[in-house]
Amino acid sequence: MDKEENVTAFIEQIRNRVGTVVVGQDLVVERLLIALFTSGHILLQGMPGLAKTLLVNALGRAIHLEFSRIQFTVDLLPADILGSEILDQSSATFSTRKGPVFTNLLLADEINRAAPKVQGALLEAMQERRVTLGDETYRLPVPFLVIATQNPIEQSGTFELPEAQLDRFMLCHRLHYPDVDEEEEILRRNLNLGIQKEGRGAVANTEFDIVSDEPVGGVEDLNSAIDATHQVHVSEVFIKHVVELVGRTRTHPNIELGGSPRAGIALIKGARARALIHGRNYAIPDDLFSLAEDVLLHRIRLNYEALAEGLTGADVLNEILREMG
Amino acid sequence: MKRLLFFSAAIVMAYAQENPVNETRESPVGLYREIRNFVLPGSILETKPIRQDTEIIVRINAVRPHGSSFRYDLSYCGLEAGEFNLSRYLQRKDGTSAEDLPILPVRFDGALPAGRLQPNKPIPGNLPRIGGYRTLLIAAGVIWILSPLVLLLLRSRKRQPEISSLQEPETIADRMHPLLQAARDGRLDTSGQAELERALIGFWRERLNLHGESPATALAKIREHKDAAILLEQLERWLHKPNSQSPVDLDSLLDPYRQAIAETKEKD
């Protein structure tokens, strides 16, 4: 098997592994892989109970990556994420205790529940891929991917991430409810989860209990996939499409804040990874059209007139894409 | 007789006590002073209309009947230093003469030194020839109401070119025609190629009636169409695929679109 085939097989195995516990979220798995292969970060938006955490857990175990989860709450402190220096009384010296951010795959659950100071600390670590504790600066492990989640409901007592901070996320994917067939399959699988006995007690299994700990690949396989992503060809014509799309978000009469150059970079990177996942070594307009919403929607802000007319960002973005082609 | 004289003297003394007419009342300029229960003979009185150069402002605070006369509560304020007769500033309501009123001397002391310079009297300005103050107010009101409308109109006119530049004034066929011609002649640069590709996607979306679909879904459905899939795959090989082994025959790729455009024009 040559290198390309290896990467294709690795991707297929990850999708299959995640598919054993998560039903009907192929698009989310694809977006997670895109983020992983491009060293970007991803924000998942969706109602509770759409298997966001399970998905990330399954992905982490499938690739044999270190995985941490932080449940963001209003009383969380930056030190709870980054770590801190602790005084060792016996030796009268400070020792460093690294926080959960020192991992490969970090799930920041309900990121909008934490105070802006904590959000800022995490987003800074995401951007710089390094953390300073006391006088020492530590590099974060490689690969390092943050998968943050936030619910679009229960907004009271939350701190909405501003556009400038949302821009740090390469992708923002909005999860939808599964269709009828998928939901029936979810229920059927849940019926067969069984129980586990431990000592004298027994407890019903959850989906987390059946996620296999056996990885389908390691960091080497992931490195190959990242390398292959960088080999994907992006034509001059494709770059023109990207510039045209981002430019249109800046001049559209309904948009107050358009896409940044970082949005264009994210589109190119994402398109490369998507092309690889779809077995191509070149990006095509399908990649652009497919990723536009996830890359651009969280980066644009509608103006007052558009909001007063009841328009949404998705409406305006779709209008721009229709005008383009 | 003695008793009669005594009663007459008592009445005169009482009147004199009530109305100390000849007593000069002193007060500083600018401060109000009050006279209460002051009986003035004759019919009811009122203050004269205030002139612009009046020396005293007089107010009648209360009037009560007092036999055939009336009893007044007055307050007054001097605007100029000097001695004045307060009665001069009163007139009868029934229009009869008030000459018979007793002299009510008042004196106002000013803090300013004597012989100070007086400001020039204001020269009355001329009202505008057309209309007057009322017309001026109406005109100002009309301008006030119309100005936001004019501003809105100007803003919408300014915005017009932006909107029209984003809207596609031409049909897909109109857009494609010069691009196809340029491609055939080998004059199409990268921007033109990108424009052509977008126009071709738009062409298939229109032909397959996929206007209601999201752009990503529409493109996926276009790829499910037999003819469209082949042509788009050739287009990809031409524009995106690196080091393509088989060269793309542009004529065979673009001819179907030329024919479609020609058919559309014939129908029109």
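Lettering of chains follows the sequences in order, A, B, ..., and the numbering in each one begins at 1.
Counting non-hydrogen atoms of other residues, nucleotides and ligands closer than 6.0 Å to CZ of Arg262(A) gives a total above 12. By the neighbour-count criterion of 12 heavy atoms within 6.0 Å, atom CZ of Arg134(B) is sparsely surrounded, having that number or fewer from other residues, nucleotides or ligands.
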Side-chain donor-acceptor distances from residues 135-153 of chain B under 3.5 Å, at least two apart:
| unit_1 | atom_1 | unit_2 | atom_2 | d |
| --- | --- | --- | --- | --- |
| Thr135(B) | OG1 | Gly132(B) | N | 3.2 |
| Ser147(B) | OG | Ile143(B) | O | 3.1 |
| Ser147(B) | OG | Trp144(B) | O | 3.2 |

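If you measure heavy-atom distances from Glu213(B) to chain A, the contacts under 4.5 Å come from the backbone alone. Contact annotation for Ala283(A): only backbone heavy atoms (N, CA, C, O) come within less than 4.5 Å of a heavy atom of chain B.
To the nearest 0.5 Å, atoms NZ (Lys241(B)) and OG (Ser235(A)) are separated by 13.0 Å. Taking CE of Met324(A) as the reference point, atom CD1 of Ile201(B) lies at 8.5 Å (rounded to 0.5 Å). One distance of note links CZ of Arg237(B) with OH of Tyr282(A); it measures 8.5 Å at 0.5 Å rounding. The distance from the CG atom of Leu232(B) to the CD1 atom of Ile284(A) is 9.0 Å, given to the nearest 0.5 Å. With rounding to the nearest 0.5 Å, the separation of NZ in Lys240(A) from CG in Leu239(B) is 13.0 Å.
For the residue pair Arg322(A) and Ser214(B), the shortest heavy atom distance occurs at NH2-CA, 4.2 Å. When all heavy atoms of His233(A) and His240(B) are compared, the pair lying nearest together is CD2-O, 3.1 Å. The shortest non-hydrogen separation linking Val237(A) to Ala194(B) is CG1-CA, 3.6 Å.
Interface with chain A: from residues 216-228 of chain B, residues Ala216(B), Leu219(B), Arg223(B) qualify, criterion being any non-hydrogen pair under 4.5 Å. For residues 285-297 of chain A, the interface with chain B (any heavy-atom pair closer than 4.5 Å) comprises Pro285(A), Asp286(A), Phe289(A), Ser290(A), sorted by residue number.
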- Task: Take Arg198(B) and Glu244(A) through the test side chain to side chain contact (heavy atoms under 4.5 Å, CB included) and record every step on the way to the result.
- Result: CA-CA 11 Å; Arg198(B) 294 198 294 269; Glu244(A) 176 76 18; 3.7 Å; yes
- Item | Step-by-step side chain to side chain contact (heavy atoms under 4.5 Å, CB included) determination, Glu197(B) to His241(A) | CA-CA 9 Å; Glu197(B) 185 173 37; His241(A) 289 322; 2.5 Å; yes
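Contacts classified as ring-ring contact (aromatic ring centres under 6.0 Å, His included) and involving residues 25-51 of chain A (residues at least two apart or in different chains) are given here: His41(A)-Phe144(A).
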